[in-house]
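Note that the coordinates shown come from a computational prediction; the quantities given were computed from them, not determined experimentally. Order of the sequence lines fixes the chain letters, A, B, ..., with proteins taken first and strands second; residue numbering starts at 1 for each chain.
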2 protein chains.
Amino acid sequence: MRRMTARPANAHQARLLKLLRDGGPNSRAQLGDQVDLSRSKLAVEVDRLLETGLVVADGLAASRGGRRSHNIRLAPGLRFLGVDIGATSVDVAVTNAELEILGHLNQPMDVREGPVAVFEQVLSMAAKLRASGLAEGFDGAGIGVPGPVRFPEGVPVAPPIMPGWDGFPVREALSQELGCPVMVDNDVNLMAMGEMHAGVARSVGDFLCVKIGTGIGCGIVAGGDVHRGTTGSAGDIGHIQAVPGGRPCACGNRGCLEAHFSGAALARDATEAAQQGRSVELATRLEANGALTAVDVAAAAAAGDATALDLIREGGDRVGQVIAGLVSFFNPGLVVIGGGVTGLGHTLLAAIRTQVYRQSLPLATGNLPIVLGELGPTAGVIGAARLISDHLFSPA
Amino acid sequence: MRRMTARPANAHQARLLKLLRDGGPNSRAQLGDQVDLSRSKLAVEVDRLLETGLVVADGLAASRGGRRSHNIRLAPGLRFLGVDIGATSVDVAVTNAELEILGHLNQPMDVREGPVAVFEQVLSMAAKLRASGLAEGFDGAGIGVPGPVRFPEGVPVAPPIMPGWDGFPVREALSQELGCPVMVDNDVNLMAMGEMHAGVARSVGDFLCVKIGTGIGCGIVAGGDVHRGTTGSAGDIGHIQAVPGGRPCACGNRGCLEAHFSGAALARDATEAAQQGRSVELATRLEANGALTAVDVAAAAAAGDATALDLIREGGDRVGQVIAGLVSFFNPGLVVIGGGVTGLGHTLLAAIRTQVYRQSLPLATGNLPIVLGELGPTAGVIGAARLISDHLFSPA
DNA sequence: CGGCTTTGTCCTGTGAGTGGAGAAAGTTGG
DNA sequence: CCAACTTTCTCCACTCACAGGACAAAGCCG
């Protein structure tokens, strides 16, 4: 099957496509209310979009007291692939043009196995989704990787936790394999885009999205756009000094945030606590599973284990301290906490809030919500789909 | 005399005005090379601008092998007023439309005397500049204040060091007094705009501009635009925690950057060192002047005084540590250091650089210049002039 | 003085966009 | 069942933005 070949011919068409993506099916009249174009001009552009096949008119809406309107919607056959490569697992999802998830697969996998192995995995997951009848092919794909990316080229640069990926032409390679356009970004940025599209950050222009998983990163959205920085490493807050003279970090410094709190650090601390007999709850789990993860700590905390709660609180204090600084600096309108540790829930959130509200200036925190992400593990893949749709729904 | 009444009628005209402002006089042909318009369309827009009087054609340029071109330039009579209100002094300058400083006055003054007293001072300085024949009137004024500003309204909000200004309608009041349009911003943002216009940050899209004076602030430029944050307090880094459990700060917390290093903190530390007999150089100056300022410390350091050098180095370490975090977070392409302490020069800069290059990730610092501002005390007033010219050179 | 170059103007054709008239397709009330 | 009113959508004529080529003006050089 031939996939989406057309692109919007001008800014008006691009605008209309994005309205239909974000707002769902609309009548011509409703679209007209949103785009500040005359009805005639609007009709012309809609007709052209219909000709290209990017949008279709299917059926009539219920009357609102007059002539019934035609439903204009994005072509129902459009399919985007969203890929979120984490440090320890891969998420792949298919969405329609409205970025609704039609199918979602998750697979544990170590990113350090390198691009070739991971690609094989991703492609087989994509094939499985296609085979299940959700898509006959993909019109575009977005992919997030856990490290800095030279965005225009779609190439990871100097990624600390995935050294084998340095300079690997992710965009080009995946585009070749899938036969469709591909865009690549940092996984944290995609999480931010996901929450902006369909999560807690809808209609917030400036916000921070802190992702705490194996490592720690921060998506920065300024004026509705993702800020990627000069070399694509913006948001890399894992190595900000949180504890002067603190623990040694893999990066060579001491006291980095990531060394004191992250999924990996938490697992290590919990294991240590279990081995030292400071927590029966954790020790039991360690014996049962052979190793501890953030999930175990969350479960122990939920069961009321004091040591687990302390670990979470202490970690939250560290992250909160760093976030407090970022809030003073950036003055966001919202802070979203997400990533693997979301399961730590309110204990973590409370610690972070305490630090931020105490340390940042009242003017910056006065009306600042600090909340958990709404989309969980789907934020990344939705953000990935949004990334490629933003690209395809822009004039060529 | 009637001042500038016209505004550009469309985006093309706005573009042309800004080209003429930033690039000086140009021929129609040269303009055509920069704007991607047909020569005919360009001629039409230039003619319309000539009609409005915003630009004039004066004289012919030298031939470059063919017909000589007309010089198109911004109206030579246009005058902007740039005002930079610091914590302890006021700068007022007149510029032409190209933002070149024609006259500049500086006056010590305590901002805490309140808006009425400061306004009186500013107006009298403006009158003096006008009386000296540099301007018959002002076509617009930009003004910077040392605190957060609700930008669209031009009103300071909850400014810590100038409590009497909270909610004072600076924009409206000054506009009334001067009889011209006025824009208000944070002084640090204006310094950043100044360095972007005519200083070290020309043609850098993402950079940070750290101003160390009585307090500490940071101008944030992302994608060529100043980031002001949700409540206008972005860049307020003075109260980021630099030393856990450190000195008490006026804000109620401990260890704030500003408490450990700023013009005020440095003066206090130097006085203490002098009184404790740790530095002959500083003690001599204290006796001579009755009080010490950053300038004294700079002079002592220049004379080789070890205590003064230590103070500067220690302060630079603190600031450098905070900046290192911001660099990791924001990934700028340039860091500019400015403000009153610029006199501390290379000792300070070296300390900052050491910290940043050591603590931030190589990818973010690999090609990151950290330099002193180029414009010194004129950065603020040039930025102020640029602010209002950006406003006036945009379609109404 | 005649070719060549550069700058600036004029003119015409094309296409984008507006706004009004009115057709199409409903609902509601008598 | 029909008239009056609403909402949606289409058609058409007119205006204006803009490009691109032809051409005039004004300089250079040999």
Side-chain angles (χ1 to χ4, degrees), chain A residues 6-20 23-74 394-396, chain B residues 6-20 23-74 394-396:
Chain A
R7 290 277 287 275
N10 57 42
H12 296 314
Q13 295 184 13
R15 180 84 202 284
L16 291 171
L17 290 174
K18 287 177 186 171
L19 281 174
L20 291 171
N26 260 291
S27 69
R28 287 177 173 83
Q30 286 173 309
L31 289 173
D33 293 341
Q34 303 174 69
V35 294
D36 196 39
L37 275 180
S38 67
R39 286 190 313 263
S40 12
K41 177 60 179 165
L42 178 83
V44 170
E45 297 299 350
V46 170
D47 285 346
R48 287 182 190 164
L49 283 173
L50 286 169
E51 272 174 41
T52 66
L54 281 173
V55 308
V56 298
D58 67 335
L60 297 170
S63 166
R64 301 193 310 151
R67 174 174 171 177
R68 293 166 65 190
S69 60
H70 293 269
N71 265 330
I72 308 291
R73 62 164 36 150
L74 290 167
S394 297
Chain B
R7 290 277 287 277
N10 57 43
H12 295 315
Q13 294 184 15
R15 179 85 203 284
L16 291 171
L17 290 174
K18 288 177 187 172
L19 280 174
L20 290 170
N26 260 290
S27 69
R28 286 178 174 82
Q30 286 173 309
L31 289 173
D33 293 341
Q34 303 174 68
V35 294
D36 196 41
L37 277 179
S38 67
R39 285 193 315 252
S40 21
K41 177 60 179 166
L42 178 82
V44 170
E45 297 299 349
V46 170
D47 286 346
R48 287 183 189 161
L49 284 173
L50 287 169
E51 272 175 42
T52 66
L54 281 172
V55 308
V56 298
D58 68 336
L60 298 170
S63 166
R64 302 191 311 151
R67 174 175 172 177
R68 293 167 66 190
S69 60
H70 294 267
N71 265 332
I72 308 292
R73 63 165 35 151
L74 290 168
S394 297

- [ ] Determine the contact category for B:Lys41: base if any of its heavy atoms lies under 4.0 Å from a base atom, sugar-phosphate if only primed atoms, P, OP1 or OP2 are that close, otherwise nothing.
- [x] sugar-phosphate

TODO: Using atom CG of B:Leu37 as one end and atom P of D:dA17 as the other, report the distance to the nearest whole Å.
DONE: 13 Å

Open item on the list: Can you list everything that forms a side-chain hydrogen bond (donor to acceptor under 3.5 Å, both in side chains) with B:Thr52? Sequence neighbours excluded, please.
Closed with: none

- [ ] Give the rounded distance in Å between these two atoms: CG of A:Leu42 and C1' of C:dA16.
- [x] 14 Å

Task: Value rounded to 0.5 Å, distance of CG in B:Leu19 from CD1 in B:Ile72 - done: 13.0 Å

Open item on the list: Could you measure the distance from the CD atom of B:Gln30 to the CG atom of B:Asn71? Nearest 0.5 Å is fine.
Closed with: 8.0 Å

TODO: Figure out the CG/P separation between A:Asn10 and C:dG17, and round it to whole Å.
DONE: 7 Å

Open item on the list: One pair to check against side chain to side chain contact (heavy atoms under 4.5 Å, CB included): A:Lys18 and A:Ser394. What are the steps and the verdict?
Closed with: CA-CA 9 Å; A:Lys18 287 177 186 171; A:Ser394 297; 3.5 Å; yes

TODO: Select from A:Leu60 and A:Ser38 the residue whose nearest nucleotide in DNA chain C is closer to the 5' end of that strand.
DONE: A:Ser38

TODO: Scan for salt bridge (Lys or Arg N to Asp or Glu O under 4.0 Å) pairs involving residues 47-59 of chain B, sequence neighbours excluded, and state none if there are none.
DONE: B:Arg28-B:Asp47, B:Glu45-B:Arg48, B:Asp58-B:Arg73

Open item on the list: Counting only side-chain nitrogens and oxygens, does A:Ser63 get under 4.0 Å of the OP1 or OP2 atom of C:dG26?
Closed with: no

Open item on the list: How many whole angstroms separate atom CG of B:Asp36 from atom P of D:dA17?
Closed with: 18 Å

Task: Whether over 12 other heavy atoms sit under 6.0 Å from B:Asp36 CG - done: no

Open item on the list: Please determine whether a side-chain nitrogen or oxygen atom of A:His12 lies at a distance below 4.0 Å from atom OP1 or OP2 of C:dG17.
Closed with: yes

Give each protein N/O atom lying under 3.5 Å from an N/O atom of nucleotides 8-10 of chain C, with the pair distance.
unit_1 : atom_1 : unit_2  : atom_2 : d
C:dG8  : OP1    : B:His70 : N      : 2.7
C:dG8  : OP2    : B:Arg28 : N      : 3.4
C:dG8  : OP2    : B:Ala29 : N      : 3.1
C:dT9  : OP2    : B:Arg28 : NE     : 3.4

Open item on the list: Tell me the interatomic distance from A:Glu45, atom CD, to C:dG15, atom C1', rounded to whole angstroms.
Closed with: 12 Å

